[in-house]
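Here's the structure, in structure tokens; my notes come after.
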Amino acid sequence: MNARDHVTTTPHGSDLVRQIVLLSAVSFMLIAAVIGAGAFGNTAVEDQQGGALDTDGSYLAPAGPAFSIWSVIYLGLIAYAIWQALPRQRASERQRAMGWPIAVTMVLNGLWLVAARFGTLFLTVVVIVLLLVALGWAFRTAVVTRDPRGGVLDSVLIDGVTGLHLGWVTLATVANTAAWLTTVVPPSWEDAASAIGVTVLVVVAIIGLAIAWRSGWRVAPALALAWGLSWLAVERLTGSPTNTPIAITAILVALVVLLPPAVVSGLRLIRPSID
């Protein structure tokens, strides 16, 4: 019995529906992304909401290059949508488990861009929190349904892409919420920006380690989280507003969340029996 036989059962009518819904979801997400990037004469995301979503919108916003990770995530989601639509994936039990959660994350991803363009800053916070919850559901499902015999594509396009998406949105949720709070709290709160920022980043460290622990020390979420934290540190050291305590904390948190899963992943390469 090979890996494909192990995870494939008799096709159901709902399997084709799932595949079509996923293709529709990724199409919606990409259309929203193109509009959000400023195509067709629209305002780019960072210039919407009065500039609150730009790199200087709060003390917890990462530098611009951090957002290039979206290219990797989008390419991964496109590849996944195409791969899952193949006939031999239709009756896969793993696809049945993962298809709907990933479709939900794609739709919410697109809805966040719609909210940023047409809604309020608070609405973007609501949508990104829902996206974070959906990604937690999707990644947890990926972990519990993972079959070591699934192959490289299964590992990269499901576990890897979903993990990167989760890690990045974890930090994006913090930045988005901070941007909203910056517009509503009294200006006097800025005096406590360092203390608040450092405290929030410590919480991010706890969340990052919890994700790694609950996922069996998968490295993808930590990679995305550490990437965002590193660029947050760059922005606070070289951009505006400048804040050295937050920058240093961001660097330390990036190391804290990345090193444990990276070490475990390295050990797994040396000794594949480690899990």
Side-chain angles (χ1 to χ4, degrees), residues 6-9 11-33 69-70 72-86 88-115 124 126-148 150-173 176 207-208 210-225 261:
H6 179 74
V7 297
T8 303
T9 60
H12 301 156
S14 59
D15 293 328
L16 179 59
V17 173
R18 184 194 70 245
Q19 290 177 307
I20 294 173
V21 167
L22 263 160
L23 290 172
S24 301
V26 76
S27 299
F28 168 71
M29 180 189 71
L30 292 175
I31 292 170
I69 195 174
W70 277 123
V72 178
I73 294 170
Y74 283 162
L75 286 173
L77 289 172
I78 292 168
Y80 169 75
I82 295 171
W83 174 61
Q84 67 83 35
L86 297 175
R88 68 183 182 184
Q89 295 296 325
R90 183 166 299 164
S92 164
E93 289 291 354
R94 180 136 152 101
Q95 297 293 0
R96 286 172 176 166
M98 292 304 308
W100 295 108
I102 292 179
V104 171
T105 67
M106 290 176 176
V107 171
L108 287 170
N109 194 312
L111 285 176
W112 185 89
L113 292 161
V114 172
T124 66
V126 173
V127 176
I128 204 168
V129 169
L130 291 175
L131 174 57
L132 181 62
V133 172
L135 283 166
W137 168 38
F139 191 61
R140 182 58 184 165
T141 303
V143 171
V144 299
T145 61
R146 174 68 179 145
D147 188 335
V152 175
L153 277 178
D154 182 281
S155 179
V156 172
L157 297 182
I158 293 181
D159 302 87
V161 174
T162 306
L164 287 177
H165 202 175
L166 172 62
W168 172 251
V169 170
T170 298
L171 185 63
T173 302
N176 197 161
I207 293 172
I211 292 172
W213 172 59
R214 290 290 294 168
S215 67
W217 303 103
R218 267 55 175 186
V219 74
L223 283 172
L225 193 51

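Keep in mind it's a predicted model, so treat the numbers as computed, not measured.
Here Asp147 does not pair with Arg94 in a salt bridge; the nearest charged N to carboxylate O distance is not below 4.0 Å.
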Could you walk me through whether Trp100 and Val21 pass the side-chain contact (heavy atoms from CB on, under 4.5 Å) check?
CA-CA 8 Å; Trp100 295 108; Val21 167; 3.7 Å; yes
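Looking only at side-chain heavy atoms (C-beta outward), Leu157 and Gln84 stay at 4.5 Å or farther from each other. Between Ile158 and Leu153 the shortest side-chain heavy-atom distance does not fall below 4.5 Å. At least one side-chain heavy atom of Asn109 sits under 4.5 Å from a side-chain heavy atom of Trp70. Using a 4.5 Å heavy-atom threshold, the side chains of His165 and Leu77 count as touching. Between Tyr74 and Met106 there is no side-chain heavy-atom pair separated by less than 4.5 Å.
Rounding to the nearest 0.5 Å gives a distance of 11.5 Å between CD1 of Ile78 and CG of Leu23. Between atom CD of residue Gln95 and atom CZ of residue Arg88 there is a gap of 11.0 Å, rounded to the nearest 0.5 Å. Of the inter-residue distances, the one linking Leu132 atom CG with Thr173 atom OG1 reads 4.5 Å to the nearest 0.5 angstrom. We find the CZ-CG distance between Arg140 and Leu135 to be 15.5 Å, quoted to the nearest 0.5 Å. To the nearest 0.5 Å, atom CG of residue Leu108 and atom CG of residue Leu113 are 11.5 Å apart. In this structure, CG on Leu164 lies 6.0 Å from CD1 on Ile73, to the nearest 0.5 angstrom.
Taking every heavy atom of both residues into account, Arg218 and Pro261 meet most closely at O-CB, 3.7 Å. Across every non-hydrogen atom of Leu225 and Gly167, the tightest pair is CD1-O, 3.6 Å. Scanning all heavy atoms of the two residues, the minimum distance from Val104 to Ala134 falls at CG1-CB, 3.9 Å. Contact between Val26 and Ala81 at its shortest, heavy atoms only, is CG1-CB, 3.8 Å. Closest heavy-atom contact between Thr105 and Ala138: CG2-CB, 4.3 Å. Considering every non-hydrogen atom in both Ser215 and Phe139, the closest pair reads CB-CE2, 3.4 Å.
Remark: side-chain polar atoms of Trp112 are paired, donor with acceptor, to backbone N or O of Thr124 under 3.5 angstrom. Between the Ser92 side chain and the Gln89 main chain, no donor and acceptor come within less than 3.5 Å of each other. Proximity of a side-chain donor or acceptor of Thr162 to a complementary backbone N or O of Asp159 within less than 3.5 Å is not detected. Put simply, the side chain of Gln19 gets close to the backbone of Leu86: a donor and an acceptor are under 3.5 Å apart.
Donor-acceptor pairing under 3.5 Å is lacking for the side chains of Asp154 and Trp83.
Listed by first and then second residue, the salt bridge (charged side-chain N to carboxylate O under 4.0 Å, His left out) pairs that reach into residues 17-28 are Asp15-Arg18, sequence neighbours excluded.
Listed by chain and number, the residues in a side-chain contact (heavy atoms from CB on, under 4.5 Å) with Ala97 are Thr141, Thr145 (sequence neighbours excluded).
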